Amino acid sequence: MWPHKKGLGIRLSYGIQGNATIQHESDNNTISAVFPRQNTQSPLAPSSPIQLVPPQIKINDNPSTVSSKGFPSNHSYVPQNLVSSFAIESTTVSSTISYDPTHGDIVNFINISNKPVMVHVTGETESILTFSDFDSSFPVELTFPIRQITSKVLHDGTTFIIRTPTRIYVITATLPKPTIGNINLSVIGEINVKDLANCEFADVVFGSRYQFAIVDIHGNFAVYTVIRKHPGISLSFKHISSHDVTELSKWKRIAFVEDTVVTLSRSKLISYTIPKAVSTDVITANTWSRLRDICTFQDNTFLLTTKELIWFNDKWERLLSWKHFLDDSDPSLRVHIYCEDNTFTCMLFTQTNPLIIVYTLGRVNDKPSSLCDPYYIRKSGETRQISVNISNGKLYQLNTDLSISCQSIQDTNIQSKLDSESTFISKLNTQQIFKSFTPKHIKSLSKALTPTSSTSETQQIHKYAYSLGSELANAEPSPSYFSLYDLCSDVPSVSDLLDLDDMIVQLESSVDNFKVVSLIHKLLQKYNGNGSHIDDIASLLDKIYGGKHQEVAVLLGTSNIKCQSKTATKLLEQEYEQKHESMSKQVRSIFDEWEDHGTQHEQEKPSQEVYSHSQVEAPSIRASHPLSQVVTASQSSQRKSRPSSQRLSQPKKKKKRGF
């Protein structure tokens, strides 16, 4: 962990757990350490993307396809070099990797008269405002390219704000009939660049109640109010700032944070108190980090920089930060955040990176925490905007060619509060164990693994045992692990999995140079499951998917039962000695110093203290125990209940049978 400094909050990153908090349980008089980086939730499981809107922009990435003869027009001639120059310039403008910092979100989901509607931009010039209910659409063409769409449901209807480079339109929408073709649009306000400071608009955002704010590329901003009685807008506040000539980027953002308005450039975040216009420089980012994006949710503010994703409260106190290690030279880095059940899902993406990095933040015992380790979702293209519609649980991606794709996202582990003494395993809780499989996959896999051979189950087990024994007898000693499936992929197809478990338990006693270790219990124990045998996997598959899936259980079980040479430690020591001898004298002296320091440290280690009020347990890094330590019963013993921490334990026999 990093040293804690006041004011920096909790700092997390890959491999960093954060600073622990000590909790004292008065009931059992114990003390425990709780780290803010937890893993109580599972990643989202997106489906394959489906294209909803086809590409609107035709991109020619090969200007060399232009005719080499030039273009004659009205007995005049346009030279080839001039044509090629124009082609290259147009390709640069329409390229998928081009980035305009004044572009905002142009896909919006909202209810108009209680009907869900998607509002987006179409047309090659990005000037057609389209209202769609996925059955039909209603286009409205503007004379200027649309740079941003934002909306809010007010008391008397739905209000949209459409931003173009030089104009901002405030539109109200109603839907008297449940068809999108009957939508009524009314422009209640229009703002021209002349009304502010004659500079191109950069961002617009709704605030609390009926307010919205606009900002231009030089940081000048204004706050307007939507009038209810007589539809229209009125200017509430305007601020003309002194232009910072050192700030070359047109990227500007504006947001409402409590009773203040904040404006952002790449290097500074300034807070303004309305209406006194008292400014405060909250953040200055002109050295090692630059600003990239901002999102606000009531009294929570999330700021994305080139180095970190930072979570602030309404007093601009850092609660938690994640160091993301993404490309700090990519200006298209953005974040989309949606809140559900007081859990913030933060999706970081760029136009060029093919992945969406997802962070899950929330509060545990009223303390900021990371609820899930970061993971990724693959993008559908050169994504310009992503949006999550919580009402239908879908993720939408807008690409640079204005095509829109949609995919369903489902939480693979919806945590449910279960009685700690209950042995019930809910379907939602255990499905994450096999989260790579859907019911369709399981059925098709079971069908594919079903054998067509008429060989009896006893003969199959005998044949499989002989193959494993032969492979282990001929295998050369190696320090690495390998599974039973690696030894023999021709696994038996049997309905009596208890006999197969018994055979595997007996396997170690017949092999002298290798130990057999089951990792099945690690898989089941982590998710409230018990057992360490193939039959336990089959029982769990039956609870989750229904039906019999012995073939899948055998495949998973044999892949999670590992073998390792009993001389692995000696082999590793020999390999180390060989490499140690081949080192140069300088490198060898460094290793010798480390060994001497470690020996001296062990000799000076104080005696173990006994704590009366708490017990500290060191985490075990040992993968498993040898089979010979736990196999103590005879073959004819009946199956008994076993603790989940046990590996390959007593053979499970429901009837006596010779082997």
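Owing to the predicted nature of the structure, the values given are computational and were not obtained by experimental measurement.
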**Request:** Report the C-alpha separation of Trp322 and Arg37 in whole Å, then their side-chain angles, then the decisive distance to 0.1 Å, and conclude whether the side-chain contact (heavy atoms from CB on, under 4.5 Å) test is met.
**Result:** CA-CA 10 Å; Trp322 251 104; Arg37 181 177 174 182; 4.0 Å; yes
[X] side chain near [Y] side chain, heavy-atom distance below 4.5 Å:
| X | Y | result |
| --- | --- | --- |
| Lys379 | Ile386 | no |
| Thr125 | Pro145 | no |
| Ile283 | Phe312 | yes |
| Leu129 | Glu141 | no |

Inspect the surroundings of [atom1] in [X] and state if more than 12 heavy atoms from other residues, nucleotides or ligands are less than 6.0 Å away.
| X | atom1 | result |
| --- | --- | --- |
| Lys115 | NZ | yes |
| Tyr376 | OH | no |
| Arg363 | CZ | yes |
| Asp259 | CG | no |
| Ile50 | CD1 | no |

Ring-ring centroid check [X] [Y], cutoff 6.0 Å:
| X | Y | value |
| --- | --- | --- |
| Phe109 | Tyr396 | yes |
| Trp311 | Phe297 | no |
| Tyr272 | Phe221 | yes |

**Request:** Please state whether the rings of Phe160 and Phe131 are parallel, tilted or perpendicular, taking 30° and 60° as the class boundaries.
**Result:** perpendicular
**Request:** Output, in order, the C-alpha distance, side-chain angles, deciding distance and verdict of side-chain contact (heavy atoms from CB on, under 4.5 Å) for Arg266 and Leu291.
**Result:** CA-CA 5 Å; Arg266 292 298 193 192; Leu291 305 183; 5.6 Å; no
**From CA spacing to verdict: side-chain contact (heavy atoms from CB on, under 4.5 Å), Cys346, Leu309** = CA-CA 9 Å; Cys346 311; Leu309 174 65; 3.7 Å; yes
**Item:** Donor-acceptor contact below 3.5 Å, side chain Lys250 vs main chain Phe201
**Value:** no
**Message:** Under a 4.0 Å threshold between the charged nitrogen and the carboxylate oxygen, would Arg290 count as salt-bridged to Asp328?
**Reply:** no
